[in-house]
Amino acid sequence: MEDLGGWTRTHHLGELTAADVDREVCLMGWVQFRRDHGGLIFIDLRDRMGLTQIVFGADYGLDAHERAHAIRSEYVLAVRGTVKARPEGMANPGMPTGQIEVQISGLKFLALSKTPPFEIEDRSEPAEVLRLKYRYLDLRRPKLAKNFILRHKAAQSVRRYLDGLGFLEIETPILTKSTPEGARDFLVPSRLNQGSFYALPQSPQLFKQLLMVSGLERYYQIVKCFRDEDLRADRQPEFTQIDIEMSFVDEEQVMHMAENMVRALFRETIGVDLPTAFPRMPFAEAIRDYGLDKPDVRFDLKLKDVTEVVRGSEFKLFAKAELVKALRVPAGGELSRKEIDDLTEFVKIYGATGLAWIKIKEDGEWQSPIAKFLSQAERDGLTTICGLEVGDIVFFQAASPDVVNTALGQLRLQLAERFGLIKDGTFAPLWVTDFPLLEYDPEDKRWVARHHPFTSPQPGQLDLVATDPGAALARAYDLVLNGSEIGGGSIRNHTMSMQQAMFTALGIDQAEATEKFGFLLEALEFGAPPHGGIAFGFDRLIMILCGAKSIRDVIAFPKTQKATCLMTEAPGEVSNRQLRELGIRLREKKD
RNA sequence: GGAGCCGUAGUUAAGCUGGUUAUAACGCCGGCCUGUCACGUCGGAGGGCGCGAGUUCAAGUCUCGUCGGCUCCGCCA
């Protein structure tokens, strides 16, 4: 192989144009396509900026031409030559550099390449196992590489914006303390303190609050967070947050700052202008109209509460249910029996036992397995509340509020897909506000923080925490974009007594609070300013900006669903010596 | 913890109700070619169907198990 031998690259491979004709250039890159005509050899050379056609011929460089026959896919070349306009009619309008080519006088083979396990091309769609095993080759594909270029631009945009507002980027520990509540921690054994473990941060929550106590006033960090939970298409065990905290602010100021940040981000990365004021919706309204706490408001289709209409119905399932809701699909009558059966299976995933439906036929007849149970008064009531018209279909769920809302909320999304209700390239941001502070956990039989235990209740709601925990509202806000939760935050408890009241409501007694969060409680006694913040799921934001279907397409080296890395084969076993140093003995494996 | 889909040359796929020697395209190797651009053209090599049992005269096709990938429920303050 040859080394650079003093050659210096003069241009990237996406930038030469007709303006550069007759320029002597030196290019370096990977071989994308080879078209060997014998007397003339064309090669598309690739780097991350693009492609440039180079030509080998005896007239341009005899030695280079002869050696060029050996060139294969993915070889790394350095070439010297002259930029020339392509002959009349030979330009390639499909290529940014299609007006020119470079006639090669000198060639160096910087590296050879084995035949790659899959073709490095945007058109090919190799199995994900292979893509993950050879991730470094997958990342050569422009389609994937462009996601990371955009990700970089997004991070720069955020830093620029926050820096402009006086935010300080401050790093917080990765080796920290396990805390109760929230997700399962990743643990790291301590060699110097055998039997003790660090936890990787689920988020820098407590540190950023303490930075506010320190008087640093405005903090941000684009930071890795770790949660040892099962993976999803939009969830990895290590992921990145844009983490932000501010002092002397209320929720209006945090939301205003965050909105402007997201707006700048969209403008500077994909040139999209988001609305100047993001709409807002209280949590209760989101559940009422959309069934979910992260409504996709790119399309309408609202759920309607019809519990009272069917309260006395002969259809006992409706009459007895705690909650009955309807979802009308305008012109949905075209759904086939098969499709309805499939939708019935779909809602069962979310705990539904079935799916009642009514089609309103041309002649006004109600075609439905349940129509015969409905009185005229009930029919009139449903027609009015749902706004039923000829050609519609309306679906029902009658069950516990949780099941009704989840099943119909998910069905709503499914139907939007089926009927093409979502226009490509639309972005609908939405603030969801007025969340309940606490949620009852039937498994642990106790109240848990819906957001996190440091979130402040809304003014005047502190007493409710003790008397009617489910009714207390939080000073919390989520930013939802196209039905995906991309950010969330809150105003925090900034006095010891507020925080103590919260711990009490969560059933964390004095001793436990002191043990787990003593440093925070104590800090709050030394003059903590009112403060609050927000954290964005950076990967999810990038997914939306790129139109990626999987979070793996915006993470350079992602994990599989079983949280392994197919490239490095992490996690792996460690030597007995390493275990001994840590004071760890493995238990016998279960059969 | 649970449900579903997938696994066939290097890659992507086809292979119907089980039946000669498992197809194709791309890629790869060799020849020819001075205007190609997913070059063309002629020729060639390459797999026994993720793995293991079972049913059967006969299994890529059926059954069970197992491994791996993906999607989802639970979980994710």
Side-chain angles (χ1 to χ4, degrees), chain A residues 32-45 51-60 65 69 72-74 84 86-95 97-98 101 103 114-134 137 179-185 202-203 205-206 225-237 239 345-352 403 406-407 410 414 435-439 441 443 447-455 474 476 478 485 488-490 502 506 535 537 549-550 552 559-562 564 566:
Chain A
Q32 179 74 46
F33 297 116
R34 173 179 62 112
R35 296 178 290 279
D36 187 340
H37 292 229
L40 211 53
I41 301 169
F42 298 93
I43 281 171
D44 292 335
L45 207 58
L51 291 173
T52 296
Q53 173 168 288
I54 59 178
V55 198
F56 294 89
D59 300 345
Y60 316 137
H65 178 238
H69 287 294
R72 295 292 181 270
S73 285
E74 301 305 316
K84 291 290 179 189
R86 296 198 192 178
E88 193 66 30
M90 298 299 162
N92 183 345
M95 240 172 125
T97 59
E101 63 193 13
Q103 298 176 347
K114 295 203 292 186
T115 301
F118 52 86
E119 292 160 59
I120 314 288
E121 261 195 89
D122 281 348
R123 273 184 301 273
S124 68
E125 209 43 73
E128 197 149 10
V129 223
L130 266 188
R131 295 178 53 198
L132 292 173
K133 177 166 181 196
Y134 297 98
L137 297 180
T179 54
E181 311 281 311
R184 189 178 294 116
D185 286 318
Q202 297 180 25
S203 86
Q205 183 61 34
L206 294 174
C225 301
F226 306 86
R227 294 176 191 177
D228 189 4
E229 298 292 349
D230 287 359
L231 293 84
R232 287 288 187 280
D234 63 351
R235 250 166 49 191
Q236 286 267 309
F239 61 99
E345 288 309 305
F346 174 77
V347 293
K348 285 180 182 172
I349 296 171
Y350 303 98
V403 168
T406 307
Q410 295 291 348
Q414 188 75 5
F435 283 91
L437 185 67
L438 303 167
E439 240 171 10
D441 179 348
E443 210 154 287
W447 292 91
V448 296
R450 184 180 170 91
H451 184 56
H452 59 51
F454 316 106
T455 296
D478 275 2
E485 185 202 324
S490 66
M502 185 68 179
L506 294 172
K549 287 211 167 56
S550 163
R552 295 182 299 279
K559 303 279 190 289
T560 67
Q561 193 166 49
K562 281 188 70 188
T564 65
L566 295 180

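Quick note on labels: first sequence line is chain A, next is B, and so on, each numbered from 1.
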**Report entry** Side chain of A:Met90 (C-beta onward), nearest among B:U11, B:G74, B:C37
**Finding:** B:C37
Requested in this report: Applying salt bridge (Lys or Arg N to Asp or Glu O under 4.0 Å), name anything that partners A:Arg184, two or more places apart in sequence or on another chain.
Outcome: A:Glu229
Requested in this report: Using a 4.0 Å heavy-atom cut-off across all strands, classify A:Gln561 as base, sugar-phosphate, or nothing.
Outcome: base
Query raised in the report: Once you round it to whole Å, what is the distance between P of B:C75 and CZ of A:Arg227?
Result: 15 Å
Requested in this report: In whole angstrom, give me the gap between the C1' atoms of B:A14 and B:C32.
Outcome: 33 Å
Report task. Taking side chain to side chain donor-acceptor pair (under 3.5 Å) as the test, write out the residues that go with A:Ser550, two or more places apart. Result -> A:Arg552
**Report entry** From B:C28, B:U36, B:C72, nucleotide with atom closest to A:Ile349 side chain
**Finding:** B:C72
Report task. Report which part of the nucleic acid A:Thr406 touches: base, sugar-phosphate, or nothing (heavy-atom distance under 4.0 Å, all strands). Result -> nothing
Requested in this report: Could you check how far CG of A:Asp230 sits from C1' of B:C73, rounded to whole Å?
Outcome: 11 Å
Query raised in the report: Starting at CG of A:Leu40 and ending at C1' of B:U36, how long is that distance when rounded to a whole Å?
Result: 8 Å
Report task. Searching all strands shown, indicate the nucleotide that pairs with B:A3 (Watson-Crick or G-U wobble; both distances under 3.5 Å). Result -> B:U71
Report summary line: Applying the 3.5 Å cut-off to both distances, the Watson-Crick or G-U partner of B:C64 turns out to be B:G52
Report task. Please list, chain by chain and in numerical order, all residues satisfying side chain to side chain donor-acceptor pair (under 3.5 Å) with A:His37, sequence neighbours excluded. Result -> none
Report summary line: Partner of B:G40 under the Watson-Crick or G-U wobble criteria, both distances under 3.5 Å, comes out as B:C32
Query raised in the report: Touch check for A:Phe56, heavy atoms < 4.0 angstrom, all strands: base, sugar-phosphate only, or nothing?
Result: nothing
What protein N or O atoms touch nucleotides 5-10 of chain B N or O atoms at under 3.5 angstrom, if any, and at what distances?
unit_1	atom_1	unit_2	atom_2	d
B:G10	O2'	A:Pro117	O	2.9

Report task. Mind calculating the distance between CD (A:Glu88) and C1' (B:G35) to the nearest angstrom? Result -> 13 Å
Report summary line: By the Watson-Crick or G-U definition, both distances under 3.5 Å, B:C76 is matched with none
Report summary line: As its Watson-Crick or G-U partner within any shown strand, both distances under 3.5 Å, B:A24 has B:U12
Query raised in the report: Picking from B:G35, B:U11, B:G68, which would you name as closest to the side chain of A:Val129?
Result: B:G68
**Report entry** Minimal non-hydrogen separation, A:Ala474 against A:Leu437, with atom names
**Finding:** CB-CD1, 3.6 Å
**Report entry** Residue pair A:Gly98 / A:Arg86: nearest heavy atoms and the distance that separates them
**Finding:** O-NE, 3.3 Å
Query - Pairing residues for A:Gln53 by the side chain to side chain donor-acceptor pair (under 3.5 Å) criterion, not counting sequence neighbours - result: A:Arg35, A:Glu101
Query raised in the report: For the side chain of A:Arg232 and the base of B:G74, is some donor closer than 3.5 Å to an acceptor across the two?
Result: yes
Query - Which atom of A:Thr97 lies closest to which atom of A:Leu51, heavy atoms considered - result: OG1-O, 2.7 Å
Query raised in the report: Counting only distance, no hydrogens or angles, is the base of B:C37 paired donor-acceptor with the side chain of A:Arg86 under 3.5 Å?
Result: yes
Query raised in the report: For the side chain of A:Glu125 and the base of B:U11, is some donor closer than 3.5 Å to an acceptor across the two?
Result: no
Tabulate atom names and distances for all N/O pairs under 3.5 angstrom spanning the protein and nucleotides 38-45 of chain B.
unit_1	atom_1	unit_2	atom_2	d
B:A38	O4'	A:Arg123	NH2	2.9
B:C39	OP2	A:Arg35	NH1	2.8
B:C39	N3	A:His37	NE2	3.4
B:C39	N4	A:Asp36	O	2.7

Query raised in the report: If you measure from OG on A:Ser490 to NE2 on A:His452, what distance do you get to the nearest 0.5 Å?
Result: 4.0 Å
